Amino acid sequence: MAVQKSATPKKSPGPKLPRPTNNKDGSGVWLFWLIIAAIFLIIANQSTTSGKPASKVSYSQFYEMVKLNKETRTIRKATLSEGPENVVRGTFKDNSEFRLNIPADDKDLLAAMRENISDLSVQPLETFWSQAFFSFVPVFLIIFFIWFVGRRGAEMGNKIWSFGKSRAKVTEKGQNKITFADVAGVDEAKEELQEIIEFLKEPKKFERLGGKIPKGVLLVGPPGTGKTLLAKAVAGEADVPFFSLSGSDFVEMFVGVGASRVRDLFEQARKASRVLGKGCIIFIDEIDAVGRQRFAGIGGGNDEREQTLNALLVEMDGFNAPSGLIVMAATNRPDTLDPALLRPGRFDRRVVVGLPDINGREGILKVHSRNIKTDPDVDLRRIARQTVYFSGADLANVCNEAALLAARRNRETVGIAEFLAAVERVTLGPEKKSHTTSRKEKEMTAYHEAGHAMLSLLIDEVDTFSKVSIIPRGMAGGYTLTPPTEDKHYYTKKELFGQMTVLLGGLVGEQTFMNDSTTGVSNDLEKVSSLARSMVCSFGMNDALGKRAYGRSTHPAFLGRDIFEEKDYGASTAQQIDDEVQKLVDAAYQRAKNLITAYRAKLDIIANHLIEKEVIDIDEARLILGMPVAVVDVPPAQGV
């Protein structure tokens with residue numbers, strides 16, 4: 001796991017790359033809202049003048065209507081608009097509207113209108129400027145509004161008109177302060193990347209002899225192991241521009257946008273490399289979002305993502321392949337990537353960033369506890385032994401949880417008790433001390449956990465428990481912690497069979513106590529079944545079926561490829577596999593039952609002590625059972 005340690009000395013900055021300006025003074029915002037208000041007023045004015053379509057009336061008809069209007073009341077309201085053309089608008093008694101033009105000097109009609117229409121009004125002549133304003137200004141405002149939005153978008157970096165431009169964050173030369181001195185727990189990965197750094201610093205040293213540096217480096221590892229930080233450290237060591245972005249930044253709903261962004265990204269990197277005269281790093285995090293295997297004939301395809309992947313393949317190793325550029329990418333699902341992306345010439349190297357060993361974990365704990373006020377007697381080596389298979393992110397979480405727990409307890413420093421409690425909290429979740437449990441359930445849980453604990457003490461080939469508790473924590477009603485005493489990469493058949501026996505200790509403990517079992521054994525049975533099937537089908541640990549593997553590998557299924565894989569054995573072999581798995585489980589169960597029956601008195605002692613105190617550690621358990629307390633030999637740290 002890669003973690004940040006310390007800051008390196010400040011280096012002199014090199015030539016500056018062009019960067020977009022960012023206008024943050026707020027100028028022009030008031031103008032934007034003024035334009036919006038003007039457009040709103042224009043629309044409101046037009047909406048007030050517009051109404052139902054007016055019917056046209058002839059001059060003679062209107063004249064006759066006006067003369068008889070006193071008797072008929074046909075015209076209810078009329079308005080005379082003066083101008084180059086005198087226009088009369090009005091409303092009939094049925095609320096329908098009319099409109100007609102009349103001569104400007106028709107004194108008889110005007111007199112008849114004044115005499116016979118009770119509601120008559122005159123609207124003065126509109127000036128030229130008012131007519132011009134309402135006719136032409138809206139067009140200019142709309143044009144200005146489009147120009148203004150585009151200008152503001154460019155200033156603020158939104159690139160409103162540049163959907164196809166790259167969204168990579170650029171770290172220029174001299175700005176990246178992270179180096180390998182800030183990284184711990186990934187010594188092997190750092191060695192793999194030293195050659196990349198040497199090339200970026202002195203490319204002519206390799207080109208002089210005809211050598212070619214790898215074009216791509218793929219960082220593979222579980223989540224939280226520090227792949228992104230390691231890529232930043234490479235850029236800091238080489239002191240070159242670093243373009244970083246996520247694989248999802250290429251994916252958009254618009255077809256062709258992702259491919260355009262890929263081309264723009266590589267073009268920007270080439271320009272930066274030419275300006276500085278050195279190489280350049282392009283880092284794509286979670287590359288499986290864009291580099292996933294292309295359409296395989298089932299499950300549906302994604303044309304936009306596949307076009308983006310095709311553009312990436314061409315840029316990395318095509319007719320116009322760039323020189324001096326190194327593409328680094330990170331993923332925790334390399335099995336889903338397209339084979340064309342993984343071939344030599346694109347991603348030439350695959351660097352595995354795995355989980356840290358005990359020395360790496362101790363170093364990571366030292367880094368994350370550097371700013372924490374710890375007790376002088378805190379042994380980080382002990383914490384490292386308790387956190388086997390923890391990633392760097394998990395260890396950082398342990399340190400943070402320990403500090404928070406010490407603060408809740410109003411302590412001045414963080415002690416070993418807080419660190420150990422933080423390990424349990426990260427592993428299992430918070431304790432549920434307020435959870436009410438009946439006496440019967442408490443006894444069942446105590447015998448269940450006592451069964452696990454007793455077998456871990458009696459079986460030599462398994463790890464001895466360090467703590468057993470019947471206090472609910474997370475999803476568990478109780479738990480027995482059996483942390484490995486050392487980092488293990490391989491297991492023997494005897495060790496796996498011992499693990500199965502310990503897992504079945506909870507079931508046997510319940511049956512010993514009440515001649516029945518509960519639903520609390522479900523998780524244990526799942527693990528036992530999985531171990532037994534792996535021993536038979538994957539590890540060749542069964543004499544009846546021979547030394548071979550059955551079925552496909554257990555990597556995560558990927559639609560479009562794994563769905564076509566079939567079992568490589570027939571129905572009779574499948575039945576035999578089930579029989580052998582059942583034999584293994586039955587043998588482990590019988591062994592657990594025999595041991596617990598032989599040591600029933602010790603089982604009752606641990607269970608009764610758990611009912612009374614709820615929590616027992618290994619030293620206390622050995623003491624109440626009359627067993628010698630084991631002295632744990634902690635080997636010294638090496639190379640941390």
Side-chain angles (χ1 to χ4, degrees), residues 26-156 158-161 163 252-255:
S27 60
V29 176
W30 61 271
L31 184 60
F32 170 78
W33 290 110
L34 182 63
I35 295 171
I36 294 294
I39 295 176
F40 176 78
L41 290 176
I42 293 171
I43 295 174
N45 178 75
Q46 303 241 349
S47 64
T48 56
T49 57
S50 62
K52 299 179 181 179
S55 59
K56 292 186 178 181
V57 182
S58 65
Y59 179 82
S60 59
Q61 288 177 337
F62 181 69
Y63 190 78
E64 292 297 328
M65 289 180 186
V66 171
K67 289 197 300 182
L68 301 174
N69 195 56
K70 273 192 177 183
E71 293 80 13
T72 61
R73 300 293 180 181
T74 304
I75 302 174
R76 190 177 69 182
K77 179 181 178 182
T79 301
L80 175 61
S81 299
E82 296 180 340
E85 295 182 354
N86 286 358
V87 180
V88 177
R89 295 183 178 87
T91 306
F92 293 123
K93 61 182 180 180
D94 59 355
N95 291 329
S96 61
E97 297 180 355
F98 67 90
R99 179 184 182 279
L100 77 155
N101 295 339
I102 62 172
D105 56 351
D106 193 344
K107 297 180 180 180
D108 294 337
L109 178 59
L110 292 176
M113 291 174 62
R114 285 195 298 270
E115 180 179 355
N116 298 325
I117 300 177
S118 58
D119 189 357
L120 178 65
S121 59
V122 178
Q123 185 176 350
L125 175 65
E126 291 184 354
T127 63
F128 169 78
W129 294 110
S130 64
Q131 293 180 357
F133 178 82
F134 287 105
S135 299
F136 299 104
V137 169
V139 178
F140 290 114
L141 284 178
I142 292 174
I143 295 174
F144 182 76
F145 175 75
I146 295 174
W147 170 83
F148 175 77
V149 171
R151 179 175 175 272
R152 289 290 294 173
E155 289 180 353
M156 297 176 66
N158 293 332
K159 300 181 180 180
I160 192 170
W161 307 116
F163 293 107
E252 288 286 352
M253 63 178 292
F254 305 104
V255 177

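The structure displayed is predicted, hence computed values, not measured ones.
With sequence neighbours excluded, the residues that form a side-chain hydrogen bond (donor to acceptor under 3.5 Å, both in side chains) with Asp94 are Ser96. Residues meeting the side chain to side chain contact (heavy atoms under 4.5 Å, CB included) test with Gln61, sequence neighbours left out: Val57, Ser58. Taking the side-chain hydrogen bond (donor to acceptor under 3.5 Å, both in side chains) definition, one finds that Glu64 meets it with nothing, sequence neighbours left out. Take Lys77 and apply the salt bridge (Lys or Arg N to Asp or Glu O under 4.0 Å) test, not counting sequence neighbours, and it matches no residue. By the side chain to side chain contact (heavy atoms under 4.5 Å, CB included) test, Arg76 pairs with Thr91, Asn95, sequence neighbours left out.
Atoms CZ and CG, from Arg89 and Leu80 in turn, are 10.0 Å apart once rounded to the nearest 0.5 Å. Distance check, rounded to the nearest 0.5 Å: CG of Leu109 to CZ of Arg114 gives 10.0 Å. Taken to the nearest 0.5 Å, the NZ atom of Lys67 stands 10.0 Å off from the CG atom of Asp108. Between atom NZ of residue Lys70 and atom CD1 of residue Ile75 there is a gap of 14.0 Å, rounded to the nearest 0.5 Å. Here the CE-OG1 distance, from Met65 to Thr74, works out to 6.5 Å after rounding to the nearest 0.5 Å.
Closest approach of Ile117 and Ala78 over heavy atoms only: CD1-CB, 4.1 Å. The two residues Asn69 and Asn116 make their nearest non-hydrogen contact at ND2-O, 2.9 Å.
Applying the ring pair (Phe, Tyr, Trp, His ring centres under 6.0 Å) definition to pairs two or more places apart or across chains, those involving residues 60-81 are Phe62-Phe98.
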